[in-house]
Amino acid sequence: MTQPSSYLSATADAYDAMALIYAEFARNSLDALPLDRAVLTAFADLVRSADAGLVAELGCGPGQTTAYLRDLGLDVFGVDLSPVMIDLARAAYQDLRFEVGSMDALDLADGGLGGIVSWYSVIHTPPQELPPYFAEFQRVLAPGGHLLLGFFESEGEPVTPFDHKVATAYRWPIDDLAGLAGTAGFVEIGRMLREPGEGERFRRGHLLMRKADAQG
């Protein structure tokens with residue numbers, strides 16, 4: 001991995017410091033979120049039906065979503081910027097593979113993945129820094145491979161920073177984020193917005209996309 005930029009280093013340090021607290025908070029977070037589980041299931045169904053092969057969860061944190069995708073029948077591994085998060089993931093899910101790495105500089109071959117899940121993991125990326133992430137997702141996905149994005153939606157406002165409990169994060173208009181991915185060569189399959197639940201502050205956005213194949 002190349003030398004990380006200052007915001008990447010700051011984000012990794014912040015998650016290292018909060019890793020134990022975050023892991024406890026996140027462990028069963030999907031249990032009360034049926035719509036989120038439905039989106040992950042739809043992604044898994046698409047990847048399995050295409051027999052697309054290996055999936056990466058990028059920004060996997062302590063690994064609970066990676067394990068959920070495994071339980072949905074996917075051949076999946078996790079990548080995260082925080083070494084402490086990766087240590088926790090490896091300890092909790094010893095049958096799964098977890099690696100330290102950055103989403104904008106993956107140690108993966110071109111076209112080697114059948115799917116990518118970025119589950120609330122590009123939220124800390126400053127807007128001007130985000131296009132290279134989509135370019136990297138394009139590089140490592142096989143033609144027709146699927147991408148699932150989870151993020152905080154801005155509810156009619158432009159891209160808006162907010163005081164995330166770990167590090168500054170950004171809320172995105174769903175159309176703008178879909179357009180940015182489209183510019184990078186992704187085709188939208190579907191989207192889901194849900195209103196904030198108990199204990200949540202913001203609307204949640206989900207985009208399901210695929211990398212265009214040779215025929216588009």
Side-chain angles (χ1 to χ4, degrees), residues 1 26 30 33 35-81 85-86 89-90 92-123 125 130-151 174 177-192 204-216:
M1 187 174 69
L30 285 170
L33 301 173
L35 293 177
D36 297 49
R37 296 197 307 271
V39 170
L40 290 164
T41 299
F43 168 84
D45 287 349
L46 287 166
V47 172
R48 287 199 317 272
S49 66
D51 195 20
L54 190 62
V55 171
E57 191 206 351
L58 303 180
C60 65
Q64 76 286 343
T65 306
T66 313
Y68 189 80
L69 293 165
R70 181 270 319 276
D71 293 343
L72 291 173
L74 297 182
D75 181 9
V76 61
F77 70 102
V79 178
D80 200 273
L81 196 62
M85 286 289 197
I86 290 298
R90 288 170 174 165
Y93 308 104
Q94 296 181 24
D95 59 322
L96 290 172
R97 167 185 157 202
F98 294 98
E99 299 176 355
V100 177
S102 178
M103 289 182 286
D104 66 342
L106 295 164
D107 186 18
L108 296 170
D110 295 358
L113 295 179
I116 288 173
V117 173
S118 173
W119 196 247
Y120 298 90
S121 56
V122 297
I123 62 171
T125 306
L130 196 51
Y133 285 70
F134 287 114
E136 185 71 343
F137 297 168
Q138 267 284 320
R139 182 185 71 80
V140 299
L141 274 173
H146 290 88
L147 169 66
L148 175 60
L149 300 172
F151 57 98
I174 193 167
L177 195 59
L180 194 63
T183 298
F186 287 97
V187 177
E188 183 175 338
I189 297 171
R191 60 177 64 189
M192 189 269 280
R204 306 302 178 100
H206 308 82
L207 284 167
L208 185 54
M209 315 190 86
R210 67 171 178 84
K211 177 178 175 176
D213 55 27
Q215 289 75 42

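Here the structure is a predicted model, which is why all the values come from computation and not from measurement. Along the sequence shown, residues are numbered consecutively beginning with 1.
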Legend entry - For the student: nearest non-hydrogen atoms of A42 and L208, plus distance: CB-CD2, 4.5 Å

Inset, instruction - Take R97 and L54 through the side chain to side chain contact (heavy atoms under 4.5 Å, CB included) test and state the conclusion after the steps. - result: CA-CA 12 Å; R97 167 185 157 202; L54 190 62; 4.2 Å; yes

Legend entry - Minimum-distance pair of heavy atoms, taken over all atoms of V79 and I86: C-CD1, 4.4 Å

Legend entry - V47 side chain reached by V55 side chain, heavy atoms, under 4.5 Å: yes

Inset, instruction - Measure from the side-chain N and O atoms of K211 to the backbone N and O of Q138, and report whether any donor-acceptor pair falls under 3.5 Å. - result: yes

Inset, instruction - With sequence neighbours left out, write down each residue that passes side chain to side chain donor-acceptor pair (under 3.5 Å) with Y133, or none if nothing qualifies. - result: Y7

Legend entry - pair I174-L207: side-chain heavy atoms closer than 4.5 Å: yes

Inset, instruction - State which residues pass ring-ring contact (aromatic ring centres under 6.0 Å, His included) with F134; sequence neighbours excluded, sorted by chain then number. - result: F137

Legend entry - Sub-4.5 Å side-chain heavy-atom contact between D80 and M103: no

Legend entry - Distance (rounded to the nearest 0.5 Å) between L46 CG and H146 NE2: 4.5 Å

List the atom pairs, with distances to 0.1 Å, where a side-chain N or O of residues 59-77 and a protein N or O form a donor-acceptor pair under 3.5 Å, not counting sequence neighbours.
from, atom 1, to, atom 2, distance (Å)
T66, OG1, E57, OE1, 2.4
R70, NH1, D95, OD1, 3.2
R70, NH1, D95, OD2, 2.3

Legend entry - Parallel, tilted or perpendicular: rings of F98 and Y93 (30°, 60°): tilted

Inset, instruction - Mind listing the closest non-hydrogen atom pair of R90 and E99 along with its distance? - result: NH2-CA, 4.0 Å

Legend entry - L147 side chain near R210 side chain, heavy-atom distance below 4.5 Å: no

Under 3.5 Å, sequence neighbours excluded: what are the donor-acceptor pairs made by side chains of residues 177-189?
from, atom 1, to, atom 2, distance (Å)
T183, OG1, G179, O, 3.0
E188, OE1, R191, NH2, 3.0
E188, OE2, R191, NE, 2.7
E188, OE2, R191, NH2, 3.4

Inset, instruction - Return the set of residues passing side chain to side chain donor-acceptor pair (under 3.5 Å) with R48 (not counting sequence neighbours), or none when no residue passes. - result: D45

Using residues 106-121 as the side-chain source, report each donor-acceptor pair under 3.5 Å to any protein atom, sequence neighbours left out, with the distance given to one decimal.
from, atom 1, to, atom 2, distance (Å)
D110, OD1, R139, NH1, 2.6
S118, OG, S121, OG, 2.6
Y120, OH, H206, NE2, 3.3
S121, OG, L58, O, 2.7

